[in-house]
Protein chains: 2
Amino acid sequence: MNIGEAAETTGVTPKMIRHYEQIGLIRAAGRTGSGYRIYGPKDLSTLSFIRRSRDLGFSIAQIRDLLALWQDRARASGDVKRIASAHIDEMKGKMRLLQEMVHTLEHLSAHCHGDDRPDCPILERLSTGRTEDGCC
Amino acid sequence: MNIGEAAETTGVTPKMIRHYEQIGLIRAAGRTGSGYRIYGPKDLSTLSFIRRSRDLGFSIAQIRDLLALWQDRARASGDVKRIASAHIDEMKGKMRLLQEMVHTLEHLSAHCHGDDRPDCPILERLSTGRTEDGCC
DNA sequence: CTTGACCTTGACATGATGGGAAGGTGCACG
DNA sequence: CGTGCACCTTCCCATCATGTCAAGGTCAAG
């Protein structure tokens, strides 16, 4: 199977497949006599695994670890769970930061009349670090 | 005022100040005879404005627009509000994606016993795209 | 006049991905 | 057999905001 077909099957672009090979996330694919990469069922499984991991937001570094565990029949599920938990915490941290920013900005936005007048509490806050009413 | 002092005052690193100058986000600073950049109160305001905008998660492109509006005395607050709203929507979108990933992963994690046994629903899901109980 | 803190520019890295150029390959159709 | 098109190859560059490092110039205090 050529790289394009493998890409379509797994949902990983050819570009990324080559990239993953280059950074050593996946083993170098076999080649035809003329240099085309060829992929078998095992390779497709790995690529799908990577794609599902990416869909869940895992970083390449984390996926590297997950792949190693996946291929290790003597693995401890605790190791997998630890990686997942760390990732969950990371994501929750990001959500908290976003939530704070959204909250602040929504408050400012609510106090901005949003018409043709130049007076604007959002800019006020950005330029002074304080709101007019000082309420947040 | 030198770049280091300006950086300390505004909370923008010297590196980023130079970068912002290079990409045209801020005007090129004045220079001493020996080539040192010099910053006045107006520059400091601008830098602080940028930093507060970054703290609220605005992109450089958005800040470029906000700065233009800030310096435009004939601005309409509606324009500012539109930028803020777009940004809020972006952030909410990101939060939603994170929330979905966290939700899925927490579910998988809850079903993973997390001990020394190799059996693991997280890896199961990553490799097959399905959970054992098929419940999500 | 030396030392150390600061400044300058420039190059390179991150992380995951996309775009594009330049050139080789495979296959179907005439 | 030739032509065209879709695909493949490698290599370079771009994103976005930020950091690191290196090599060299400047300033002020001792």
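What you are looking at is a predicted structure, and each value in this text was computed from that prediction instead of being measured. So you know, we letter chains A, B, ... as the sequences are listed, proteins then strands, and number each from 1.
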Reading 5' to 3' through nucleotides 20-30 of chain D, protein heavy-atom contacts under 4.0 Å coded B for base, S for sugar-phosphate only, - for none
BB---BBS---
What's the CG-P distance between A:Asn2 and D:dC5, to the nearest Å?
20 Å
Any chance CD of A:Gln71 has more than 12 other-residue heavy atoms, nucleotides or ligands included, within less than 6.0 Å?
yes
Integer-rounded Å distance: D:dC8 C1' and A:Glu5 CD:
13 Å
Listed nucleotide nearest any side-chain atom of B:Met16, set D:dC8, C:dC7, D:dA17
D:dA17
Side-chain N or O of B:Arg37 versus OP1/OP2 of C:dT9: is the shortest distance under 4.0 Å?
yes
Should B:Arg51 and B:Asp55 be marked as a salt bridge (Lys or Arg N to Asp or Glu O under 4.0 Å) after you check the CA-CA gap, both sets of side-chain angles, and the distance that decides it?
CA-CA 6 Å; B:Arg51 195 178 106 71; B:Asp55 286 348; 3.3 Å; yes
B:Arg51 has an atom CZ; how far is it from atom P of D:dA17, in whole Å?
16 Å
Does D:dC8 have its OP1 or OP2 closer than 4.0 Å to a side-chain nitrogen or oxygen of A:Arg18?
no
Under a 3.5 Å distance rule, please check whether A:Thr10 uses its side chain to pair with a backbone N or O of A:Leu44 as donor and acceptor.
no
Let me know the distance between CG of A:Leu25 and P of C:dG15, rounded to the nearest Å.
13 Å
Check against salt bridge (Lys or Arg N to Asp or Glu O under 4.0 Å), A:Lys92 and A:Asp89
CA-CA 5 Å; A:Lys92 284 188 171 175; A:Asp89 290 349; 5.7 Å; no
Side-chain N,O (B:Arg31) to OP1/OP2 (C:dC7) below 4.0 Å
no
Side-chain N or O of B:Tyr20 less than 4.0 angstrom from OP1 or OP2 on D:dA17?
no
Basic-acidic side-chain contact under 4.0 Å: B:Asp115, B:Arg117
yes
Given the rule in the salt bridge (Lys or Arg N to Asp or Glu O under 4.0 Å) test, do B:Arg37 and B:Glu21 qualify, once you have shown the distances and angles that lead to the verdict?
CA-CA 11 Å; B:Arg37 286 176 179 81; B:Glu21 178 180 318; 3.0 Å; yes
Atom CD of A:Gln22 and atom C1' of D:dC11 are separated, to the nearest Å, by 10 Å
Hey, does the side chain of B:Thr13 come within less than 4.0 Å of D:dG19's phosphate (OP1/OP2), counting only N and O?
yes
Do B:Tyr36 and B:Leu47 share a hydrophobic cluster (ILVMFWY, side-chain heavy atoms under 4.5 Å, transitive)?
no
Smallest heavy-atom separation, A:Arg18 atom then A:Ile3 atom, equals CG-CD1, 3.6 Å
Quantify the bending of the helix from C:dC1-D:dG30 to C:dG30-D:dC1 as the angle between its end axes, each fitted on five pairs, to 10°.
30°
Run the ring-centre check on B:His107 versus B:His103 and record whether the distance is less than 6.0 Å.
no
How close or far is atom C1' of C:dA5 from atom CD1 of B:Ile3, stated in whole angstroms?
15 Å
Check the distance between D:dC16's C1' and B:Gln62's CD and give it to me in whole angstrom.
13 Å
Rounded to whole Å, please give me the gap between NE2 in A:His19 and P in D:dC12.
16 Å
